[in-house]
Every structure is written in C-alpha cells, then in structure tokens.
Amino acid sequence: MVDSSGAPVRVRFAPSPTGLLHIGGLRTALYNYLFARKHGGRFLLRIEDTDRERYVEEAEADIVASLRWAGLAYDEGPDVGGPDAPYYQSQRSEIYRHYAQQLLEAGHAYYAFDTPEALEAMRERLQQSGHASARYDAVTRQQMQNALTLPADEVRRRLEAGAEHVVRLKVPRGRMVRFQDLIRGWVAFDTAELDDQVLLKSDGLPTYHLANVVDDHLMQVTHVIRGEEWLPSTPKHVLLYECFGWTAPAMAHLPLIHSPSGGKLSKRNAEEMGIPVSVRQYREEGYEPEALLNFLAFLGWNPGTEQEVFTLDALVEAFSLDRVGSSGVQFNLDKLRWYNQQHLRALSPGDLLARAAPHLRARGFDADAAYLRRVAALMQDRIAFASDLATSCDFFFEDPTAYDAQGLKKRWKDDSAALLTAYADRLEQADAFDEASAEAVLRTLAEEKGVGAGRIIHPTRLALSGMTFGPGLFEMMAVLGRATCVRRLRRAVEVLV
RNA sequence: GCCGCGUUCGUCUAGGGGUCUAGGACGCCGGCCUUUCACGCCGGUAACACGGGUUCAAAUCCCGUACGCGGUACCA
C-alpha cells in the first residue's frame with residue numbers, strides 16, 4: 001500500500017526516554033508495527049529526547065530491550081541505523097534550528113523574550129480579569145516582549161547581547177484548521193483556541209511540535225499513528241506543515257488505555273489496581289510477549305471475526321486501521337491472563353519448557369530433558385504462566401514436606417495407612433511400572449479389599465504430591481517413577497499414621 | 001472554565017436504518033465429563049446513557065443534555 005501521494009508506507013514509534021517503556025507505549029508501537037508490516041512498509045524508532053529536565057539515562061536501553069523482547073523489530077532506529085540517522089532528536093539540533101530560521105524568515109515565527117515570571121504574570125492577570133483562557137495568542141502577544149512588539153533594532157540588540165529567547169509560531173487568527181483523522185474522521189479546531197506555540201526553547205532545543213513535524217517530514221513518514229492525547233496538538237502540526245509548504249502525513253489517533261479506576265493508566269492509577277505499567281514488569285512477572293501483544297492488539301481493535309487468539313504474524317495479516325475503535329478502553333488483567341494461558345497451550349511441551357527453564361533454574365529444580373518434557377506436557381493445560389511449572393508442582397522435583405490439611409481431612413481415613421502400605425508393597429513387587437500397571441494394581445487392590453478405588457486414589461495423591469491438585473494420578477505416577485512413588489507412600493504412612 | 005474526542009452486558013467488543021426477542025470473548029454462577037485440579041463441552045447472568053427529532057421503521061441518522069476522557073507548558 002502507498003499513501004495518497006504514492007509513497008511507500010513509513011511509520012514511526014517516537015517515545016520520549018523519560019522512564020521505563022509504558023504498556024500504552026508498547027501498544028502504540030504495536031499498531032505502528034502491524035500497520036507497517038501489513039502494508040510492506042518500514043517501521044522506525046526515533047528517540048524524542050529534547051527535554052533535558054525529564055531525560056532518564058536508562059530509559060532508552062529499556063525501550064530497545066522491551067521492543068526486542070516483545071518481538072517488534074524496527075527497520076531503522078538508534079541502534080540499527082538507517083538512511084535518516086541520527087534517530088536521536090538530541091543529535092539533530094542543527095536541523096531544527098535551520099528550519100526554525102526558515103520559519104522566522106518567512107514571517108511564520110518570531111522571537112520572544114518574555115521571562116517565565118512575565119508569562120506567569122500575564123496568565124494570572126488574564127485569569128483574574130475573567131478571561132476564559134490565558135494563552136499567548138494574537139491578542140496577548142501585543143502586550144509581551146517579542147519581535148512583534150519591539151523595534152527591529154532592539155530585537156537585534158538583544159539577540160546579539162545573547163538575551164534568553166524562544167521562537168514562537170505566529171498562529172493566524174480566526175481560521176479553522178481541519179484534518180481527517182483515519183480513526184475519527186474530520187476534526188476541526190479554531191486557531192483562536194491555539195496559542196503561539198514555542199518552537200525553539202531558550203536552551204536552543206526544539207519542542208516536540210517542531211522536532212516532530214520536521215523529522216516526520218525529513219524521514220518521509222506517511223502515517224502518524226499515536227495516542228489520542230496528541231489530538232489537540234495536531235492543528236498546530238498541520239499549521240506547521242502548511243508554513244513549510246509540506247504535505248502532512250495521514251493522522252490516526254488511538255483511543256487511550258484507562259485504569260479500571262478511571263482516568264489514564266498512570267503509574268499511580270494503575271498500581272493501585274494492581275496493574276503493572278511498564279513493559280519490563282510484564283516481562284518480569286512472566287507474561288508471554290505474544291500474549292501481551294495479542295491482548296494489547298485487542299485493546300481498541302478487533303478483526304471483525306470471532307477469532308481472538310493471534311500470533312504476531314496473524315495480527316499483521318488481520319490488522320487494519322479502520323477497525324480501530326475511537327472510545328477509550330479499560331485495561332483488564334483477567335483477560336490478559338486468559339491470553340497468556342491460550343498462548344502457553346499453543347506451545348509444544350519443549351517450547352513451554354524453554355520458557356519455564358529460567359524459573360526452574362531459579363528454584364534449583366533440575367532433571368533430565370525427557371523427564372522435564374513429560375512434566376511440561378502434563379502441566380500445560382493447568383497453568384497460566386510458564387513460571388507455574390516451577391511454582392505450582394514442586395512434587396515433580398522433591399518429596400512433599402507437608403500435606404494439604406483440607407485434603408487430609410476429607411480424604412484420609414482410618415484405613416488409609418493400611419491401604420497405602422499394601423499398595424506400596426504391590427507396586428514394588430509388580431513386574432512392570434507404568435501408567436497402566438499402576439492403575440491395574442490399584443484397582444485390583446481396591447476390589448480385593450472391598451473398597452471403592454477412590455478410597456486409595458485420593459490418599460495416594462496426597463501422599464505423592466501433598467496436594468489435591470494435579471494431573472491424572474496414574475500419569476503422574478508414571479512420570480515420578482516406581483522408587484519415588486513407593487518412597488512417598490511409605491513416608492506418608494509414617495507421618496500421617 | 002474553554003476546546004476537542006467519546007458513550008452497546010462489570011470489562012473488551014460485533015453491529016452502522018428493517019435479518020436485534022442485540023451476537024462473541026473475559027469474569028461470575030450452574031451442570032456435564034472426571035480419582036483431584038484444570039482443560040473441554042452445555043447452560044445461565046448481564047448492555048444499546050438520557051431527552052427530543054427524522055423515518056413506515058433507529059442500537060444504527062440529526063440535535064440537545066448528562067457523564068467520561070484528553071488537551072489547555074520554554075513536557076512529551
């Protein structure tokens with residue numbers, strides 16, 4: 001696919017390195033990725049590090065690591081390079097200055113010398129005199145210290161003296177700026193609602209608005225896919241494209257992800273609902289990247305069919321921007337958990353094992369690969385996280401040290417000890433030991449003793465695993481092996497009397 | 001406050017004038033299967049924000065209200 005001007009699709013994810021990559025940021029990256037792949041286009045990563053105050057050193061590494069973990073490979077970016085390098089805005093200052101200069105010369109921007117104190121005073125004055133808003137606009141700029149109010153030689157004098165200044169966009173009065181959002185349709189803003197946006201800050205670095213427009217143009221971005229919080233800034237960007245005489249890319253503003261408690265999924269908002277906000281946390285808590293992506297894709301989009309479980313490649317295939325919704329969506333941890341189970345189940349036992357390996361190692365659980373694979377196969381339908389393999393079935397790796405109290409109360413009878421002893425004896429003497437024989441021996445014993453099979457099955461499970469949870473008893477026994485089963489049966493008889 | 005965007009089960013959503021006594025998924029509740037726990041299967045719970053229009057007919061189109069969210073920085 002190409003855009004209206006016939007250019008090949010190019011999209012970008014442009015995070016600000018101010019902290020760990022946010023889960024909402026990952027969704028934005030995902031939608032960009034899906035759109036790019038779907039249309040055979042390019043997906044770029046650009047680091048928008050123009051705010052020195054909020055810059056966090058480790059953030060960029062986390063963004064890169066998170067995208068890599070998730071499997072969202074970008075075609076161009078800081079660590080992979082590309083024709084439009086550098087992909088750090090902090091290394092592109094000269095470019096922005098050049099374009100700001102161009103705007104200045106064309107009369108679309110002007111120098112302003114107001115101090116922060118002067119700006120604050122102006123806003124306070126306006127608010128107190130009952131003005132609806134307090135913006136730096138076509139009216140108020142008349143009262144401020146800028147190139148529009150100061151004599152030209154005074155402006156020059158101040159500039160040469162190195163006076164602190166910013167460059168502001170000269171927003172025209174009384175115009176409607178319209179643009180078509182791919183998700184919301186036509187959106188219109190009155191320029192009277194816009195202020196003379198700062199383009200170049202007093203530290204010489206650009207604001208988001210300038211840097212974003214310049215870079216998107218220079219990098220030939222065809223579709224800007226970003227969060228809805230940018231919708232109100234878009235008219236400023238449209239104006240900038242106009243001033244430069246450039247064609248604006250297509251715009252698509254994604255619905256915001258909300259916390260179940262309402263409001264945006266901020267760190268505070270989310271964490272009080274038990275929802276992690278950084279991608280790193282999801283990784284650490286053991287979510288599968290495919291599951292997270294699948295869940296995120298469905299937060300605001302649906303394929304129009306009843307299929308819900310998708311691999312990344314399948315998402316690429318099914319994705320389209322026109323099936324993205326426009327209303328805010330709530331994060332739902334239960335659903336994510338369900339996706340995680342679904343993706344786990346789709347794995348081969350060997351792959352499941354690979355995912356669980358670090359957790360197994362962390363607990364010091366070790367066994368040969370064949371044994372581990374059988375455990376994985378037995379547990380696959382019973383777990384929600386790969387790490388559950390290391391935390392919910394210890395009995396595959398060590399003898400139980402305690403027995404479930406409720407299970408005992410319900411299942412351990414006066415004759416249990418005698419029955420288990422007899423069962424252990426017969427297992428020891430049996431010719432073979434496998435799933436079928438373990439069952440046959442048990443059922444024969446039950447019949448001879450005139451009790452229901454359950455009378456032996458339940459205490460045996462308790463003796464072997466200490467739990468009332470687990471795979472089918474006989475398949476479990478087959479995996480554990482004869483020696484372990486016998487040992488645990490005798491041990492239980494001893495401990496429980 | 002002002003501007004913008006939004007509003008279908010608790011949540012994610014299908015639907016976009018008649019096929020809607022509104023479909024699916026998560027959750028929850030029953031049941032079946034079963035030696036347990038899961039899985040699976042069957043069933044149940046539960047929604048078109050409100051008020052006006054337009055129309056033979058509106059969840060679907062229009063207007064208003066309410067509510068929610070976002071923006072309103074020399075942050076992105």
Side-chain angles (χ1 to χ4, degrees), chain A residues 14-18 48-51 53-54 112 114-116 119-120 123 127 130-136 164-168 181 183-184 187-190 192-195 197-209 211-212 226-235 253 255-256 258 260 262-264 295 298-309 323 325-339 341 345 379-384 392 404 407 410-411 439 442 452-462 465 467-474 476:
Chain A
S16 226
T18 56
E48 308 223 328
D49 52 351
T50 55
D51 185 353
E53 310 262 309
R54 295 206 304 151
D114 314 281
T115 62
L119 289 171
E120 200 179 321
R123 295 201 172 99
Q127 258 155 20
H131 280 74
S133 67
R135 60 179 86 85
Y136 200 117
E164 284 228 330
H165 65 274
V166 298
V167 173
R168 285 182 183 271
D181 186 277
I183 292 169
R184 284 147 225 284
V187 180
F189 287 82
D190 189 329
E193 303 294 336
L194 271 30
D195 65 357
Q197 186 60 54
V198 169
L199 265 18
L200 230 41
K201 299 181 277 190
S202 56
D203 63 5
L205 293 178
T207 56
Y208 171 87
H209 309 285
N212 191 260
R226 76 231 297 192
E228 195 189 350
E229 73 269 25
W230 292 109
L231 194 57
S233 311
T234 306
H253 289 92
L256 259 21
H258 297 151
K264 63 177 159 190
F295 168 72
F298 273 72
L299 233 39
W301 170 86
N302 74 83
T305 66
E306 288 188 351
Q307 185 183 349
E308 300 218 53
V309 179
R323 291 204 66 87
S326 50
S327 48
V329 294
Q330 234 179 72
F331 197 95
N332 182 343
L333 218 46
D334 279 328
K335 193 91 179 221
L336 205 210
R337 188 186 162 83
W338 177 77
Y339 277 112
Q341 282 182 80
R345 237 168 257 157
M379 294 300 295
Q380 193 154 19
D381 282 351
R382 276 161 243 272
I383 58 177
S392 73
D404 179 76
K410 190 170 173 194
R411 306 293 192 186
E439 176 160 12
L442 187 144
R455 198 67 170 248
I456 308 176
I457 288 172
H458 294 293
T460 297
R461 173 180 296 284
L462 245 7
S465 72
M467 299 195 241
T468 57
F469 154 95
L473 180 63
F474 305 111
M476 191 171 109

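Letters A, B, ... mirror the listed sequences (proteins, then strands); counts begin at 1. Quick caveat: nothing in here was measured; it's all calculated off a predicted structure.
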Which base, if any, makes a Watson-Crick or G-U wobble pair with [N], both distances under 3.5 Å?
N	result
G1(B)	U72(B)
C67(B)	G6(B)
U36(B)	none
U55(B)	none
U11(B)	A25(B)
G30(B)	C42(B)

[X] [atom1] to [N] [atom2], straight-line distance once rounded to whole Å:
X	N	atom1	atom2	answer
Gln197(A)	A73(B)	CD	P	9 Å
Leu231(A)	C2(B)	CG	C1'	16 Å
His253(A)	G71(B)	NE2	C1'	11 Å
Arg337(A)	U11(B)	CZ	C1'	17 Å
Asp190(A)	U72(B)	CG	P	18 Å
Leu194(A)	C2(B)	CG	P	18 Å
Asp181(A)	G70(B)	CG	P	18 Å
Arg54(A)	A73(B)	CZ	P	15 Å

[atom1] gap between [N] and [M], integer Å:
N	M	atom1	answer
A66(B)	A49(B)	C1'	8 Å
U7(B)	C61(B)	P	10 Å
C48(B)	C32(B)	P	34 Å
G1(B)	G23(B)	P	39 Å
U54(B)	U60(B)	P	15 Å
G68(B)	C26(B)	C1'	23 Å
G15(B)	U8(B)	P	14 Å
G71(B)	C75(B)	C1'	13 Å

With no hydrogens and no angle check, is any side-chain donor or acceptor of [X] less than 3.5 Å from a backbone partner on [Y]?
X	Y	answer
Ser16(A)	Thr18(A)	no
Glu229(A)	Leu231(A)	no
Arg184(A)	His253(A)	yes
Arg323(A)	Asn302(A)	yes

From the list [options], which nucleotide is the closest neighbour of the side chain of [X]?
X	options	answer
Asn302(A)	A76(B), C26(B), A14(B)	A14(B)
Arg123(A)	A76(B), C74(B), C12(B)	C74(B)
Phe189(A)	A76(B), G4(B), C26(B)	G4(B)

TODO: Would you mind checking if Arg135(A) and Glu193(A) are paired as a salt bridge, meaning a charged N to carboxylate O distance below 4.0 Å?
DONE: yes
Open item on the list: Under 4.0 Å between a side-chain nitrogen and a carboxylate oxygen: does that hold for Asp334(A) and Arg337(A)?
Closed with: no
- [ ] Establish, with yes or no, whether the OP1 or OP2 oxygen of A73(B) is under 4.0 angstrom from a side-chain nitrogen or oxygen of Lys201(A).
- [x] no
- [ ] Taking only the side-chain nitrogens and oxygens of Thr50(A), find out if one of them lies under 4.0 Å from OP1 or OP2 of A76(B).
- [x] yes
- [ ] For Glu53(A), look at atom CD and say whether over 12 heavy atoms of other residues, nucleotides or ligands are found less than 6.0 Å away.
- [x] no
TODO: Assess whether side chain to side chain contact (heavy atoms under 4.5 Å, CB included) is satisfied between Lys335(A) and Gln330(A), documenting all intermediate values.
DONE: CA-CA 11 Å; Lys335(A) 193 91 179 221; Gln330(A) 234 179 72; over 6 Å; no
Open item on the list: Return whichever of Asp203(A) or Ala188(A) has its heavy-atom-nearest nucleotide of RNA chain B closer to the 5' end.
Closed with: Ala188(A)
Task: Residue whose closest nucleotide on RNA chain B lies nearer the 5' end, Glu193(A) versus Pro116(A) - done: Glu193(A)
- [ ] Hey, can you tell me if Phe298(A) and Tyr339(A) have their rings parallel, tilted or perpendicular (30° and 60° cut-offs)?
- [x] tilted
How is [X] classified with respect to the nucleic acid when contacts are heavy atoms under 4.0 Å: base, sugar-phosphate, or nothing?
X	result
Asn212(A)	nothing
Arg323(A)	sugar-phosphate
Leu119(A)	base
Ser202(A)	base
Gly300(A)	sugar-phosphate

Which atoms of nucleotides 61-69 of chain B (N or O only) lie under 3.5 Å from a protein N or O atom, and what are those distances?
| from | atom 1 | to | atom 2 | distance (Å) |
| --- | --- | --- | --- | --- |
| C69(B) | O2' | His258(A) | NE2 | 3.2 |

TODO: To the nearest 0.5 angstrom, please state how far the CZ atom of Arg461(A) sits from the CZ atom of Phe474(A).
DONE: 9.0 Å
TODO: Any chance you could measure Leu256(A), atom CG, to Ser327(A), atom OG, to the nearest 0.5 Å?
DONE: 11.5 Å
Please tabulate the protein-to-nucleotide N/O contacts below 3.5 Å involving nucleotides 46-49 of chain B, giving atom names and distances.
none

Task: side chain to side chain donor-acceptor pair (under 3.5 Å) against Gln341(A), all qualifying residues, sequence neighbours excluded - done: Arg345(A)
Open item on the list: Once side chain to side chain donor-acceptor pair (under 3.5 Å) is applied, do any residues pair with Asp404(A), and if so which ones, sequence neighbours excluded?
Closed with: none
Open item on the list: So which atom in Met476(A) and which in Ser465(A) form the shortest heavy-atom distance, rounded to 0.1 Å?
Closed with: CE-CB, 3.9 Å
Open item on the list: A side-chain contact here means heavy atoms from C-beta on lying under 4.5 Å apart; do Leu462(A) and Thr468(A) qualify?
Closed with: yes
N/O to N/O distances under 3.5 Å, protein versus nucleotides 19-25 of chain B:
| from | atom 1 | to | atom 2 | distance (Å) |
| --- | --- | --- | --- | --- |
| G24(B) | O4' | Glu306(A) | OE2 | 3.2 |
| A25(B) | O4' | Glu308(A) | OE2 | 2.5 |
| A25(B) | O2' | Glu308(A) | OE2 | 2.8 |
| A25(B) | O2' | Lys335(A) | NZ | 3.3 |
| A25(B) | N3 | Lys335(A) | NZ | 2.9 |

Task: Distance-only side-chain donor-acceptor flag, Tyr136(A) / Asp114(A), under 3.5 Å - done: yes
Open item on the list: Would Thr50(A) and Thr207(A) count as a side chain to side chain contact (heavy atoms under 4.5 Å, CB included) here? Give the steps.
Closed with: CA-CA 7 Å; Thr50(A) 55; Thr207(A) 56; over 6 Å; no
Open item on the list: For a quick check, with a 4.0 angstrom heavy-atom cut-off, what is the B/S/- contact string for nucleotides 28-38 of chain B, read 5' to 3'?
Closed with: -------BBBB
